[in-house]
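First comes the structure, then the notes that go with it.
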Amino acid sequence: MTAIEVTREGGVQTVRMNRAEKKNALTGAMYQAMADALAGGEVDDAVGAHLILGTPGAFSAGNDIEDFLKFAITGELGSPVLAFLRALATVRKPLVAGVDGLAIGVGTTMLFHCDMVVASPRSTFKTPFVDLALVPEAGSSLIAPRIMGPHRAFEMLCAGLPFEAARAEMAGFVNRVVSEAEVEPTARALAAGLAKKPREALRLSRQLVRGNPADVLARIDEEAEAFKARLKSDEARAAFMAFMARKA
Ligand code: COA
């Protein structure tokens with residue numbers, strides 16, 4: 001069974017990360033399934049909006065660190081990762097996310113591509129790239145400063161400090177904070193509402209608000225080159241091994 005569940009109902013395609021026992025850490029197969037789901041939703045006329053969800057307590061713990069170790073050996077980032085990041089940057093239908101709990105690494109940076117984000121008070125957003133001897137990804141080095149200003153973006157992407165839900169809302173990448181029980185119904189209602197709007201008008205309006213994705217795509221590639229080089233570094237390998245060994 002895949003750890004990505006895709007359902008379509010009422011004009012909304014829901015992509016749920018469901019690997020709760022690993023806090024929804026993303027494997028190559030999961031990235032590919034999410035990229036395929038977004039692409040499928042884009043071409044299905046029955047879908048008017050995308051909704052991304054995790055599981056109670058965990059939106060996503062980010063890239064699977066065991067996979068990082070494999071990438072460190074091959075020196076590649078893996079095409080499913082890039083396929084997902086490019087899909088995020090180029091979808092034309094609105095993207096809504098519901099976050100309840102941990103959002104780490106790409107669990108946070110994917111939200112910068114979303115149009116509306118709903119989160120519970122216990123949600124935490126954190127990108128420990130530098131602590132893992134890595135660099136930011138998913139175009140976050142370009143988008144985060146635009147959303148929250150360079151100082152807060154530095155705090156998140158370079159200092160790796162956590163943002164709690166209220167601060168994430170203040171920083172501008174969470175639209176509203178609601179109780180844990182209300183996260184999914186609220187996010188779903190927002191997505192369903194968007195799906196009912198005149199499609200072409202919404203597509204054009206969204207494009208005007210978000211701008212041309214070419215610069216984001218270019219930054220995703222630029223970050224990926226630096227990321228690949230960092231993956232092969234001794235300090236990154238040591239950080240991954242330390243995570244894997246922490247319970248031993
Ligand atoms: N990659 C691989 N496995 C991960 C993971 C990740 N990114 N995040 C969590 N897991 C696994 C843990 O190894 C553990 O597996 P196990 O039960 O087989 O030992 C399981 O998920 C539960 O995680 P655990 O650490 O026991 O839960 P916790 O509540 O104490 O801590 C986190 C949760 C997310 C804070 C912690 O697991 C963590 O820091 N993960 C790494 C996050 C990260 O750095 N991601 C990459 C960002 S670029």
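We count residues from 1, following the sequence as given. Atoms within each ligand, like the ligands themselves, are counted from 1 in listed order. Here the structure is a predicted model, which means the values were calculated and not measured.
A ring pair (Phe, Tyr, Trp, His ring centres under 6.0 Å) check over residues 201-224, counting only residues at least two apart or in different chains, returns nothing. Listed by first then second residue, pairs satisfying ring pair (Phe, Tyr, Trp, His ring centres under 6.0 Å) with a partner in residues 119-161 read Phe125-Phe173, not counting sequence neighbours.
Using modelled atom types, one finds no donor on one side chain facing an acceptor on the other under 3.5 Å when comparing Thr14 with Glu9. Judged purely by distance below 3.5 Å, without hydrogens or angles, the side chains of Arg16 and Thr7 never pair a donor atom with an acceptor atom.
Judged by the 6.0 Å distance and 45° axis criteria, Arg246 is positioned over the aromatic ring of Phe243.
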Identify the protein atoms, limited to N or O, that lie within less than 3.5 Å of an N or O atom of ligand 1, and list each pair with its distance to 0.1 Å.
unit_1   : atom_1 : unit_2 : atom_2 : d
ligand 1 : 1 (N)  : Ile65  : N      : 2.8
ligand 1 : 7 (N)  : Ala61  : O      : 3.2
ligand 1 : 7 (N)  : Asn63  : O      : 3.0
ligand 1 : 15 (O) : Lys22  : NZ     : 3.2
ligand 1 : 18 (O) : Lys22  : NZ     : 2.6
ligand 1 : 19 (O) : Lys247 : NZ     : 2.9
ligand 1 : 25 (O) : Arg246 : NH2    : 2.4
ligand 1 : 26 (O) : Lys247 : NZ     : 2.7
ligand 1 : 45 (N) : Ala61  : O      : 2.9

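Scored by the side-chain hydrogen bond (donor to acceptor under 3.5 Å, both in side chains) test, Gln207 finds Arg203 as partners (sequence neighbours excluded).
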